[in-house]
Undergrad: 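Before we start, here is the structure in question, set down as C-alpha cells.
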Number of protein chains: 2
Amino acid sequence: MQKEHNLSKNQKIIFDLIDKSGGPMKAYSILFNVQKKGIKAPLQVYRALDKLVEIGKIHKIESRNAFIACQNSSCQISKATAFSICESCENVSEISNSKLSKYLSNFSDESGMKYSKYNLEFFGLCKKCKSK
Amino acid sequence: MQKEHNLSKNQKIIFDLIDKSGGPMKAYSILFNVQKKGIKAPLQVYRALDKLVEIGKIHKIESRNAFIACQNSSCQISKATAFSICESCENVSEISNSKLSKYLSNFSDESGMKYSKYNLEFFGLCKKCKSK
DNA sequence: AACATTATGTAATAATATAACATTTAGAAG
DNA sequence: CTTCTAAATGTTATATTATTACATAATGTT
Ligand SMILES: [Zn+2]
Ligand SMILES: [Zn+2]
Ligand SMILES: [Zn+2]
Ligand SMILES: [Zn+2]
C-alpha cells in the first residue's frame, strides 16, 4: 500500500501539469505553464520538483533534463528507475519489468559497493519512428 | 582491435586532462584548466567533449553533468555504459561486467522497441565512505 | 501557546550548454 | 600540386538549467 502524501499547493499544481501532459516536461516549460496559477519563479518550480522526485511521484530523465510522472503505481520511491527513450520523437516511457528490476536491485560487483539506487535509460527508435 | 582515432589538438588536450584526473570532470572546470593552453571558450570545450563522447574515449555521467575517461578498453563506442557513483565522495567508476552488459544489450520488453544504446548509473556508498 | 518543520515568495546569480558566423586545417581525389 | 570537401577551430553572444540567500507564511506536534 502506497503512503499518501498530501501535496502542497504548488506541488499539486506542478504534479497535475506533468501528469496530464503524459510525457516528460522541462522545468522552464513547467514554469511557463503555471505562471497563470501564480507560480512565478524558477525556484518555486524546482522546489516542488525536488519534493515530487523525493516521494516518487515523478522521476527525472537525466539525459534530457526533464521530469515525467511515475507510470508505475508500485514505485513509491525513485530508487530504481528505468526508461525507454525514442531518439527520434523523444517519446519516453517508464519500464516496469520485474525481472529487470530484480536483476538490477540485486546486482553487485567485485568493488564491494552495495547499491541502494539505480537509474537506467535505454535509447532507440520507437515503433512509430522505426516504420518511417 | 580498437580503431585509432587521431585526436585533434583540442581533443587531445582535453582528453589528456580528463584521463590524468582519474575521475569525472565538469565542462567549466575543464575550461579553466586548459585556458593556459589556449582554449578560451566554452564551445571549444563542448565540441571536443562531443567528439570524444562520440568515439567512446570519454563518457558523460548524466546525473552529474560530468565527463570521465573510458576505463574499459573494449568500449569503442558509448553505446552501453554503466557506472557506480558514491553519493558521499562522488567517486565514479565504470562498471565492466560482461554478464550485465549482455543482459542489458539483449533486453527487450513488450513495447516492440529495440534498444540500440543504454546508460546505467548505480548509486550507493563506496567502501571507504561506508566504513566512516 | 510554543515550538519545530515544511512550504512559499522574491531577487539575484551561478552553472551548463548552444547558435551563428568567419576562418583554418587536414584528407581525399584528380 | 591543385581542387574539393569534411572536420576542426576561433570568437562573440545568448539560451537553458539550476542554486544561493534571505524573508515570510502555513502546517503539524507537544
Ligand atoms: Zn516510477
Ligand atoms: Zn519515436
Ligand atoms: Zn567505457
Ligand atoms: Zn565514497
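The analysis underlying the following values was restricted to heavy atoms, covering all of them including side chains, and did not include hydrogens, waters or symmetry mates. Proteins come first, then strands; the chains are lettered A, B, ... in the order of their sequence lines, and each starts at number 1. Because the structure is predicted, anything quoted here is derived from the model rather than measured.
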Undergrad: Can a salt bridge be assigned to the pair A:Glu121 and A:Arg64 using a cut-off of 4.0 Å between side-chain N and carboxylate O?
TA: no

Undergrad: Taking the side chain of A:Tyr46 as its heavy atoms from C-beta onward, which of C:dA17, C:dT10, D:dT19 lies nearest to it?
TA: D:dT19

Undergrad: Nearest whole angstrom, please: distance from the P of D:dG28 to the CG of A:Asn6.
TA: 8 Å

Undergrad: As a test of reading the structure: which of D:dA18, C:dG9, C:dA17 is closest to the side chain of A:Pro42, going by heavy atoms?
TA: D:dA18

Undergrad: Where the side chain of B:Gln44 is concerned, which of D:dA18, D:dT9, C:dA7 is the nearest nucleotide?
TA: D:dT9

Undergrad: Looking for any heavy atom pair under 4.0 Å, which part of the strands does A:Lys12 touch: base, sugar-phosphate only, or nothing?
TA: nothing

Undergrad: Does OP1 or OP2 of D:dT17 have a side-chain N or O of A:Lys26 closer than 4.0 Å?
TA: yes

Undergrad: Considering just the side-chain nitrogens and oxygens of A:Lys40, establish if one lies under 4.0 Å of OP1 or OP2 belonging to C:dT10.
TA: yes

Undergrad: Using a cut-off of less than 4.0 Å, is there contact between a side-chain N or O of A:Lys9 and OP1 or OP2 of C:dG9?
TA: yes

Undergrad: Taking OP1 and OP2 of D:dT17, is either one under 4.0 Å from a side-chain nitrogen or oxygen of A:Lys60?
TA: no

Undergrad: Closest to the A:Gln11 side chain: C:dA17, D:dG10, C:dA7?
TA: C:dA7

Undergrad: Tell me: CG of A:Leu31 to P of D:dT17, nearest whole Å?
TA: 11 Å

Undergrad: Can you confirm whether more than 12 heavy atoms, excluding those of B:Lys114, are under 6.0 Å from its NZ atom?
TA: yes

Undergrad: Between atom CG in B:Leu43 and atom C1' in D:dT12, what is the gap in whole Å?
TA: 10 Å

Undergrad: Does the side chain of B:Asn10 pick up a donor-acceptor pair with the side chain of B:Ser8 at under 3.5 Å?
TA: no

Undergrad: Pick from A:Lys79, A:Glu62, A:His59: which one makes a side chain to side chain contact (heavy atoms under 4.5 Å, CB included) with A:Asn119?
TA: A:Glu62

Undergrad: Look at the side chain of A:Arg47 and decide which nucleotide, out of C:dA7, D:dA21, D:dT16, has an atom nearest to it.
TA: D:dA21

Undergrad: Could you work out which one of D:dT17, C:dA17, C:dT8 sits closest to the side chain of A:Asn65?
TA: D:dT17

